[in-house]
Amino acid sequence: MAKASAPGKLILFGEHFVVYGLPAIATAIEARTVAKVKQARKFSLQDNRPETPGYKKEKRDQQSDSIQRILKVMGLEGEKVSIELGGNLIAASGVGASGASCAAIAAALNEEFELGKGIDEINDVAYEGEKGYHGVPSGIDNCCSTYGGFILFRKDLKTGEGIVKQLHSKAILSIVIGNTGITSNTTEVVEDVKREKQRDPDRFSRMLDDYSMIIKEAESSLDNGDLRKIGLLMNMNHLLLEEMDVSCPELEELVDIAANSGALGAKLTGTGRGGLMIALVNKETEGTVASAIEKASFRSEITRIGARGVRVEHDGTTC
Ligand code: PMV
């Protein structure tokens with residue numbers, strides 16, 4: 001039996017824009033998915049991850065497609081394996097649940113079948129697995145779950161390759177997550193955005209230009225540790241996502257709650273139309289923001305960011 005774990009992620013800047021070749025910033029979070037894999041008499045999958053109600057059912061077919069893709073690209077098609085998923089990462093839209101499980105499964109299979117793949121190859125396998133969930137994913141989720149830390153990610157639209165640069169911030173960033181409880185369909189939302197681009201190319205191109213300015217400033221503000229500026233830029237990024245029509249009333253409510261309870265900035269994260277809202281907070285405000293979210297009957301969580309990427313687990317921890 002082999003066991004591996006990988007962290008969830010949050011996109012701080014640039015979901016959707018990343019699909020059009022612009023850079024995005026993402027970070028690995030503390031919560032992880034654990035995959036246990038062993039050779040068995042028949043294929044089986046036991047998914048014990050905690051979830052936003054309905055998430056796993058909604059994603060079941062995509063998950064099965066994803067696992068078959070992973071087995072195929074690793075040369076293990078037809079192998080009988082039992083896979084058990086667990087860990088403390090809540091399977092929900094926006095937190096990189098699919099990317100984390102793909103990276104963890106790939107690393108555990110690599111260990112169990114002694115394939116000797118290195119970290120970049122594990123990332124490629126996880127990307128192949130992500131296609132089962134996302135159609136043509138940008139690759140930001142699997143890169144973040146595989147390499148961990150804090151990354152600037154860009155997809156080269158000519159080669160399809162993901163380019164990753166590790167970032168560092170002088171400030172310690174604390175994030176409060178607010179969960180809408182709604183599972184969104186990434187492929188569908190990405191397609192809607194594409195249709196909107198075709199319908200009004202000039203407007204879309206103006207949004208890309210606005211975002212380009214935001215991401216340039218975000219990279220330097222993170223480097224300088226200018227939390228106030230990072231918060232403002234998150235608000236501006238959210239307004240563009242709202243204009244792109246990927247927000248929803250629950251996300252708007254969460255952003256308003258965060259702004260009114262002392263957050264430095266707030267935005268939707270990931271696909272949108274459900275999933276998660278993230279708020280940048282400091283030590284003094286993190287509790288107030290989290291309680292205001294809970295008071296409005298949403299789930300909230302405080303997380304530190306920049307966690308370690310995928311790793312094989314040799315200790316006695318259980319799923
Ligand atoms: O919902 P998530 O966390 O899987 O993020 C999707 C991010 C998009 O930019 C909308 C799509 C992509 O492939 O990057």
Side-chain angles (χ1 to χ4, degrees), residues 6-29 31 33 49 51-52 55-56 58-59 62-63 66 89-103 123 126-146 151-157 160-164 175 177-197 204 207-208 211 214-215 237-238 240-248 250-251 267-278 303 305:
K9 68 94 201 38
L10 293 172
I11 298 179
L12 297 179
F13 292 97
E15 48 280 277
H16 292 287
F17 293 97
V18 70
V19 172
Y20 298 92
L22 296 176
I25 295 176
T27 180
I29 57 172
T33 287
R49 291 173 300 165
E51 65 169 334
T52 282
Y55 176 92
K56 291 194 275 193
E58 180 98 18
K59 303 278 176 183
Q62 298 182 357
Q63 182 182 43
S66 166
L89 177 66
I90 296 176
S93 296
V95 79
S98 58
S101 71
C102 289
N123 186 45
Y127 181 64
E128 185 58 32
E130 275 280 88
K131 290 183 189 165
Y133 290 95
H134 282 208
V136 190
S138 65
I140 189 168
D141 286 18
N142 50 281
C143 281
C144 211
S145 289
T146 304
I151 63 168
L152 182 84
F153 175 91
R154 187 171 70 77
K155 184 173 183 169
D156 183 327
L157 294 185
E161 238 174 83
I163 301 154
V164 178
I175 297 284
I177 302 172
N179 190 340
T180 62
I182 301 166
T183 298
S184 47
N185 182 323
T186 306
T187 312
E188 236 170 69
V189 182
V190 168
E191 275 305 308
D192 282 356
V193 172
K194 197 157 133 203
R195 263 193 296 276
E196 191 47 35
K197 174 178 182 270
F204 202 82
M207 287 199 278
L208 296 186
Y211 173 73
I214 294 176
I215 189 69
N237 192 169
H238 180 76
L240 282 178
L241 290 163
E242 197 190 341
E243 192 179 342
M244 208 180 242
D245 197 24
V246 297
S247 189
C248 64
E250 293 79 1
L251 282 167
K267 64 183 274 293
L268 70 83
T269 186
T271 303
R273 303 240 181 104
L276 309 181
M277 180 277 317
I278 50 171
T303 186
I305 60 180

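Start at 1 and go down the list; that is how both ligands and their atoms are numbered. Residue numbers count from 1 along this sequence.
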Quiz item: Between Ser93 and Tyr55, which heavy-atom pair has the shortest distance, and what is it?
Solution: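 Heavy-atom minimum between the residues: N-CE1, 3.7 Å.
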
State, yes or no, whether a side-chain contact exists between [X] and [Y] at a heavy-atom distance under 4.5 Å.
X	Y	answer
Lys131	Pro137	yes
Ile182	Leu251	no
Val136	Lys155	yes

Practice problem: Take Leu10 and Thr303, measure what side chain to side chain contact (heavy atoms under 4.5 Å, CB included) needs, and give me the verdict at the end. | Solution: CA-CA 10 Å; Leu10 293 172; Thr303 186; 4.1 Å; yes

Exercise. Assess whether atom NZ of Lys197 is packed by more than 12 heavy atoms of other residues, nucleotides or ligands within 6.0 Å.
Key: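 Check fails, neighbour count at 12 or below.
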
Under a 4.0 angstrom heavy-atom cut-off, which atoms of ligand 1 come close to [X]?
X	result
Lys9	2 (P), 3 (O)
His134	4 (O), 13 (O)
Val18	9 (O), 14 (O)
Gly94	1 (O), 3 (O)
Gly270	1 (O), 2 (P), 3 (O), 5 (O)

Looking only at protein heavy atoms, identify the closest one to [atom] and say how far it is in Å.
atom	answer
atom 4 (O) of ligand 1	Asp141 OD2, 2.9 Å
atom 8 (C) of ligand 1	His16 N, 4.0 Å
atom 1 (O) of ligand 1	Thr271 OG1, 2.6 Å

Quiz item: So between Gly14, Ala24, Ser138, whose heavy atom ends up nearest atom 13 (O) of ligand 1?
Solution: Ser138

Quiz item: atom 11 (C) of ligand 1: which of Val246, Ile11, Val19 has the nearest heavy atom?
Solution: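 Checking each option, the heavy atom nearest atom 11 (C) of ligand 1 is found in Val19.
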
Quiz prompt | Under 3.5 Å: donor-acceptor pair, side chain of Ser101, backbone of Ser98 | solution = yes

Quiz prompt | Option passing side-chain contact (heavy atoms from CB on, under 4.5 Å) with Arg273 (candidates Asp245, Leu268, Thr183) | solution =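 For Arg273, the side-chain contact (heavy atoms from CB on, under 4.5 Å) check succeeds only for Asp245.
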
Self-check item: Glu15, any N or O under 3.5 Å of ligand 1 N or O
Solution: no

